Amino acid sequence: MASLLEMKEIFRNADAVCFDVDSTVIREEGIDELAKFCGVGDAVAEVTRRAMGGTVTFKAALTARLGLIRPSYEQVQKLISDNPPQLTPGIRELVNRLHQRGVQVFLVSGGFQSIVEHVALQLNIPTANVFANRLKFYFNGEYAGFDETQPTAESGGKGKVITHLKEQFHFKKVVMIGDGATDMEACPPADCFIGFGGNVIRKQVKEKAKWYITHFDELLKELEER
């Protein structure tokens, strides 16, 4: 296992940095915001609590929550326009700095493509660098399920995305940054995991992550020291 010093070295020399989105790049959890917007916030929060307890697979929890929300295409678009996702302080500067250094930045999320692409746009991240779950709609805009073939729809999906990126682009060093257990589980294949607690602190991640930060300025400083 890499020491903290070695992890910092990996981060400074990374070919690619993958960020989780909900409660990491943005301050809120997209699915919870969508549930509240559609009037089923409490019911969905209860399913989320059960899922966090580890008794339900990620896909089963996603299916159950979306089955309660059943968001229409119009509702999703209205959520984005009326309550746009709030970027976490420092993320814009960090992504800009990584881009200046020629580092590829990816958003790897269990959230929804339409919301995550909106975030990517604000950060000048190409939509091709977004890996997230896709909602499906009927022609009349009603909810028709989600694309179950996306790797992010399953437990362990973020690791599969990183493996795919390494194979496709021949990246030598990939860093994963996120607040949750699914982010931590993606290392390996990620070469380094940085736990983020700036919006919400997950006890398990804080205890187990060798490198744990609460503000993106800490990572900016690491890049400036070179």
Side-chain angles (χ1 to χ4, degrees), residues 1-29 48 51-54 57-58 87-111 123 125 129 131-132 151-152 154-167 169-226:
M1 285 291 268
S3 69
L4 182 57
L5 272 176
E6 286 166 333
M7 288 169 74
K8 290 184 172 185
E9 185 69 15
I10 290 168
F11 174 66
R12 284 195 298 267
N13 294 288
D15 306 303
V17 176
C18 298
F19 288 91
D20 168 53
V21 177
D22 294 330
S23 297
T24 300
V25 168
I26 62 172
R27 306 198 72 150
E28 53 277 287
E29 288 283 326
T48 302
M52 292 289 185
T57 66
F58 182 81
L87 291 177
T88 300
I91 188 64
R92 199 188 293 275
E93 294 80 1
L94 177 57
V95 170
N96 284 345
R97 190 75 187 95
L98 289 167
H99 281 155
Q100 284 166 9
R101 293 165 66 95
V103 179
Q104 288 258 27
V105 178
F106 296 86
L107 300 180
V108 184
S109 171
L123 296 171
I125 295 169
N129 289 19
F131 293 85
T152 48
E154 305 230 29
S155 302
K158 292 181 181 180
K160 286 180 189 162
V161 169
I162 291 171
T163 298
H164 160 75
L165 293 176
K166 283 186 154 187
E167 288 169 356
F169 298 107
H170 308 292
F171 293 140
K172 295 281 187 291
K173 291 185 172 69
V174 178
V175 174
M176 180 75 209
I177 301 173
D179 68 290
T182 59
D183 308 308
M184 192 160 61
E185 286 160 8
C187 180
D191 301 278
C192 164
F193 168 68
I194 303 170
F196 182 73
N199 293 309
V200 59
I201 291 175
R202 317 262 183 218
K203 186 166 175 280
Q204 175 193 6
V205 177
K206 188 178 183 187
E207 286 173 357
K208 291 188 178 173
K210 279 198 177 170
W211 191 359
Y212 194 81
I213 63 166
T214 54
H215 202 288
F216 288 124
D217 279 359
E218 295 171 62
L219 296 182
L220 265 174
K221 281 190 193 121
E222 282 299 322
L223 297 178
E224 301 310 331
E225 280 173 19
R226 256 193 96 182

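Every heavy atom of this structure was used, including side-chain atoms; hydrogens, water molecules and symmetry mates were not. Not measured: the values here are computed from a predicted model.
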Enquirer: From L94 CG over to E222 CD, what is the distance, rounded to the nearest 0.5 angstrom?
Expert: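 Taking CG in L94 and CD in E222, the distance rounds to 11.5 Å.
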Enquirer: NZ of K210 to NZ of K8: how many Å apart, nearest 0.5 Å?
Expert: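 Atom-to-atom, K210:NZ and K8:NZ are 13.5 Å apart.
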Enquirer: Identify the two heavy atoms, one from L98 and one from V105, that lie closest to each other, and give their separation to 0.1 Å.
Expert: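 In this case the closest contact between L98 and V105 is CB-CG2, 3.9 Å.
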Enquirer: So, for F131 and T152, which heavy atoms are closest and what is the spacing to 0.1 Å?
Expert: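 Nearest heavy atoms, F131 then T152: O-CG2, 3.8 Å.
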Enquirer: Once salt bridge (charged side-chain N to carboxylate O under 4.0 Å, His left out) is applied, do any residues pair with E28, and if so which ones, sequence neighbours excluded?
Expert: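 E28 satisfies salt bridge (charged side-chain N to carboxylate O under 4.0 Å, His left out) with no residue once adjacent residues are dropped.
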Enquirer: Measuring from atom CD of E93 to atom CG of N96, what distance do you get when rounded to the nearest 0.5 angstrom?
Expert: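 Output value for this atom pair is 7.0 Å.
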Enquirer: Check whether any side-chain heavy atom of L165 lies under 4.5 Å from a side-chain heavy atom of C18, and answer yes or no.
Expert: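 Result yes, sub-4.5 Å side-chain heavy-atom pair found.
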Enquirer: Mind checking salt bridge (charged side-chain N to carboxylate O under 4.0 Å, His left out) for R27 and listing every partner two or more places apart, or none if nothing turns up?
Expert: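 Salt bridge (charged side-chain N to carboxylate O under 4.0 Å, His left out) list for R27, sorted by chain: empty.
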Enquirer: For a side-chain contact (heavy atoms from CB on, under 4.5 Å) with V25, tell me which candidate from D20, L87, T88, V95 qualifies.
Expert: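 Checked D20, L87, T88, V95 against V25; only one passes side-chain contact (heavy atoms from CB on, under 4.5 Å): L87.
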Enquirer: Stepwise, does the side-chain contact (heavy atoms from CB on, under 4.5 Å) test hold for H99 with I125?
Expert: CA-CA 9 Å; H99 281 155; I125 295 169; 4.1 Å; yes
Enquirer: Side-chain donor-acceptor pairs under 3.5 Å in residues 172-179, sequence neighbours left out?
Expert:
residue	atom	partner	partner atom	Å
D179	OD1	T24	OG1	3.0
D179	OD2	R202	NE	2.8
D179	OD2	R202	NH2	3.0

Enquirer: What are the two closest heavy atoms between W211 and C192, and how far apart are they?
Expert: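 W211 and C192 have their closest heavy atoms at CE3-SG, 4.4 Å.
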Enquirer: Hey, could you give me the CZ/OG1 distance between F196 and T214, rounded to the nearest 0.5 Å?
Expert: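 Between atom CZ of F196 and atom OG1 of T214 there are 7.5 Å.
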Enquirer: Over all heavy atoms of both residues, which pair between E29 and S23 is shortest? Give the atoms and the distance, please.
Expert: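 Closest heavy-atom pair between E29 and S23: OE2-OG, 2.7 Å.
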Enquirer: In Å and rounded to the nearest 0.5 Å, what is the NE2 to CG distance from H215 to L220?
Expert: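 Here the rounded value is 9.5 Å.
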Enquirer: Determine whether the side chains of N13 and E9 contain a donor N or O and an acceptor N or O closer than 3.5 Å.
Expert: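 On atom types as modelled, these side chains qualify, holding a pair under 3.5 Å.
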Enquirer: Answer yes or no: is there a donor N or O on one side and an acceptor on the other, between the side chain of E154 and the main chain of P151, under 3.5 Å?
Expert: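 Checking the backbone N and O of P151 against the side chain of E154, no donor-acceptor pair under 3.5 Å is found.
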Enquirer: Could you please spell out the steps behind the side-chain contact (heavy atoms from CB on, under 4.5 Å) verdict for L219 and F11?
Expert: CA-CA 9 Å; L219 296 182; F11 174 66; 3.8 Å; yes
Enquirer: For residues V103 and A14, report the shortest heavy-atom separation together with the two atoms involved.
Expert: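 Taking V103 first and A14 second, the nearest heavy atoms are CG2-O, 3.6 Å.
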Enquirer: Run the numbers on R101 and D15 for salt bridge (charged side-chain N to carboxylate O under 4.0 Å, His left out), then give the verdict.
Expert: CA-CA 10 Å; R101 293 165 66 95; D15 306 303; over 6 Å; no
Enquirer: Please report the closest heavy-atom contact between G111 and A132, naming both atoms and the distance.
Expert: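 Heavy atoms only, the tightest pair is O-CB, 3.6 Å.
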Enquirer: Would you indicate whether the side-chain heavy atoms of K166 and D191 approach each other to under 4.5 Å?
Expert: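 Yes, side chains in contact.
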Enquirer: Does the side chain of N129 come under 3.5 Å of the side chain of Q104 through a donor N or O and an acceptor N or O?
Expert: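 Judged by distance alone, the side chains do pair up.
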Enquirer: If the condition is side-chain hydrogen bond (donor to acceptor under 3.5 Å, both in side chains), which residues does H164 pass it with, not counting sequence neighbours?
Expert: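 Scan of H164 (side-chain hydrogen bond (donor to acceptor under 3.5 Å, both in side chains), adjacent residues dropped) gives Q168.
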Enquirer: Can you name the side-chain hydrogen bond (donor to acceptor under 3.5 Å, both in side chains) partners of D183, sequence neighbours left out?
Expert: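 If we apply the side-chain hydrogen bond (donor to acceptor under 3.5 Å, both in side chains) test to D183, skipping adjacent residues, the hits are K158.
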Enquirer: For Y212, give me all partners under ring-ring contact (aromatic ring centres under 6.0 Å, His included), at least two apart in sequence or on another chain.
Expert: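 None.
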